[in-house]
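Beneath this line is the structure, given in structure tokens, with notes to follow.
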There are 2 protein chains.
Amino acid sequence: MKERRIPKETIDRLPLYLRCLNKLIDRGEENISSENFSSRLNLNSAQVRKDLSYFGDFGTRGVGYKTEKLASEIRDILNLDKSWSMALVGVGNIGSALLTYRGFDQRVFEVEMAFDRNPDLIGEELNGVEIEDVNNLVDRVSEKNIRIGIVAVPAQAAQEISEKLVEGGVTGILNFAPTLLDIPDDVQLAQVDITKELEQLVYYLQK
Amino acid sequence: MKERRIPKETIDRLPLYLRCLNKLIDRGEENISSENFSSRLNLNSAQVRKDLSYFGDFGTRGVGYKTEKLASEIRDILNLDKSWSMALVGVGNIGSALLTYRGFDQRVFEVEMAFDRNPDLIGEELNGVEIEDVNNLVDRVSEKNIRIGIVAVPAQAAQEISEKLVEGGVTGILNFAPTLLDIPDDVQLAQVDITKELEQLVYYLQK
DNA sequence: CAGTGTGAAGATGTTCACAGCG
DNA sequence: CGCTGTGAACATCTTCACACTG
């Protein structure tokens with residue numbers, strides 16, 4: 001195991017390795033080689049080995065990696081062994097979709113609170129979560145010790161909301177608004193930018 | 001103007017430049033320097049100049065860039081001067097959110113068709129779009145000459161659906177399913193992977 | 001003379017190639 | 001003998017630094 005700085009691209013790929021492993025485990029496969037791995041994810045096998053070796057010597061020479069063991073190691077590395085409760089702000093199109101989304105592992109990620117400023121929504125319940133007044137956001141988030149905030153409000157409101165989330169003690173923000181958030185360095189940001197993805201996509205569609 | 005290959009990171013940033021420019025134009029600013037630009041987007045000013053210079057000499061030495069002109073150039077480069085109609089597949093949580101999403105410029109991107117396999121949804125109308133039977137996808141997409149498909153179905157169905165979209169003549173796919181699609185090289189892929197973003201986010205939340 | 005455009009230097013990430021271990 | 005782990009070579013992207021121009 002080396003002590004070099006870990007490239008963010010490596011962190012980017014860990015969730016993909018994990019997904020691939022889960023599929024293999026479901027199928028009963030016990031081992032996988034970096035070569036097999038890399039062909040499933042279309043990348044170079046040396047890449048796979050290097051990525052994994054940043055965190056330890058997980059493989060066995062001449063054999064490969066044990067699927068179960070490696071999956072568990074990666075979950076550990078990514079912090080998916082804990083459970084993370086999240087506060088959602090903005091229960092519009094995307095917000096309400098997220099509240100009922102089944103895509104993420106419920107044992108790891110859970111939307112525990114939801115906020116909106118629309119009086120018609122406040123007090124309503126969606127998927128077992130009561131929608132609260134966004135004016136109480138700071139207090140409620142810090143009260144419940146929430147560490148992740150999801151910003152699903154219109155672009156104009158996104159900066160203000162993210163500041164409130166940070167004030168409430170959140171250390172990670174998942175932003176769906178198509179805008180750059182200005183947040184402290186010690187708060188982590190992940191961006192889901194649908195418009196940007198589409199705009200890039202059509203660039204490559206020109207002939 | 002140079003003839004070097006354009007880094008994909010540069011394409012990545014173009015939508016951000018455009019957004020920033022639109023804000024400035026709204027405010028009535030007529031010029032912007034690479035320095036000013038870069039501080040708004042937190043990147044290096046040489047980066048901005050280099051990115052833009054791949055496509056032409058848009059700036060004026062001693063002055064900067066004309067906001068209107070540069071915005072128009074970038075729209076051109078990204079192909080946002082055309083209108084792109086899209087076919088949405090899967091009208092569940094995320095799919096229906098996208099059908100009513102106001103985030104993207106309606107004159108450029110429009111969901112023109114929607115498909116699902118749920119008989120209860122087929123025939124319903126959402127935001128002016130009739131939900132059609134996914135079994136007719138290939139024919140209908142090629143009939144309407146759709147070039148972009150949005151995959152918003154569960155992971156297990158995503159590969160099959162993307163193959164149908166390609167068969168229908170789509171050349172770009174925006175995939176929301178948390179799975180790697182195996183598609184022909186001449187079909188462009190953009191991925192919106194919420195779970196992956198969250199998993200990466202919590203990696204950085206460890207202390 | 002302020003600010004662009006761009007070679008050259010530097011930083012970061014990927015792939016090769018192979019020693020070495022199980 | 002097969003496959004990992006990893007230095008070294010290579011490729012790509014970013015930043016520096018400055019010539020040059022409106």
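What you see is a predicted model; the values in this text were computed from it and never measured. All values below were derived from every heavy atom in this structure, side-chain atoms included, with hydrogens, water molecules and symmetry-related copies excluded. Each chain gets a letter, A, B and so on, in the order its sequence line appears, and its residues count up from 1.
Closest-nucleotide positions on DNA chain C for B/Val63 and A/Gln47 were compared, and the one nearer the 5' end corresponds to B/Val63.
Salt bridge status for B/Glu9 with B/Arg13: absent, with no side-chain N to carboxylate O gap under 4.0 Å. With respect to B/Asp105 and B/Arg75, no salt bridge is recorded, no charged nitrogen being found less than 4.0 Å from a carboxylate O. We find that B/Lys164 and B/Glu167 are not joined by a salt bridge, their nearest charged nitrogen and carboxylate oxygen being 4.0 Å or further apart.
Nearest to the side chain of A/Ala46, among C/dG5, D/dT6, D/dC16, sits D/dT6. Listed nucleotides: D/dC3, C/dT14, D/dC13. Nearest to the side chain of B/Arg5: D/dC13.
Spacing between atom CG of B/Leu52 and atom C1' of D/dT14 amounts to 15 Å, rounded to whole angstrom units. One can place CG of A/Asn44 at 11 Å from P of C/dA17, the figure rounded to the nearest angstrom. Note: CG (B/Asn31) to P (C/dG3) measures 11 Å, nearest angstrom. Distance NZ (A/Lys8) to P (C/dT14): 9 Å, rounded to an integer number of Å. Rounded to whole Å, the distance from CD on B/Glu35 to P on D/dA17 is 14 Å. The interatomic distance linking A/Glu9 (CD) with C/dA11 (P) rounds to 17 Å, in whole Å. Put simply, CZ on B/Arg49 is 15 Å from P on C/dA2, counting in whole angstrom units. Per the geometry, CD1 belonging to B/Ile6 stands 17 Å off C1' belonging to D/dT14, to the nearest Å.
Distances shown here put a side-chain N or O of A/Tyr65 below 4.0 Å from the OP1 or OP2 atom of D/dG5. Between B/Thr60 and D/dG22 there is no side-chain N or O to OP1 or OP2 distance below 4.0 Å.
Between the A/Thr171 side chain and the A/Val187 main chain, no donor and acceptor come within less than 3.5 Å of each other. Although no hydrogens or angles enter the test, the distance criterion places a donor-acceptor pair under 3.5 Å between the side chain of A/Asn79 and the main chain of B/Val202.
Scanning atom types as modelled, one donor and one acceptor separated by under 3.5 angstrom connect the side chain of A/Lys50 and the base of C/dT15. With hydrogens and angles ignored, no donor-acceptor pair closer than 3.5 Å exists between the side chain of B/Arg61 and the base of D/dT21.
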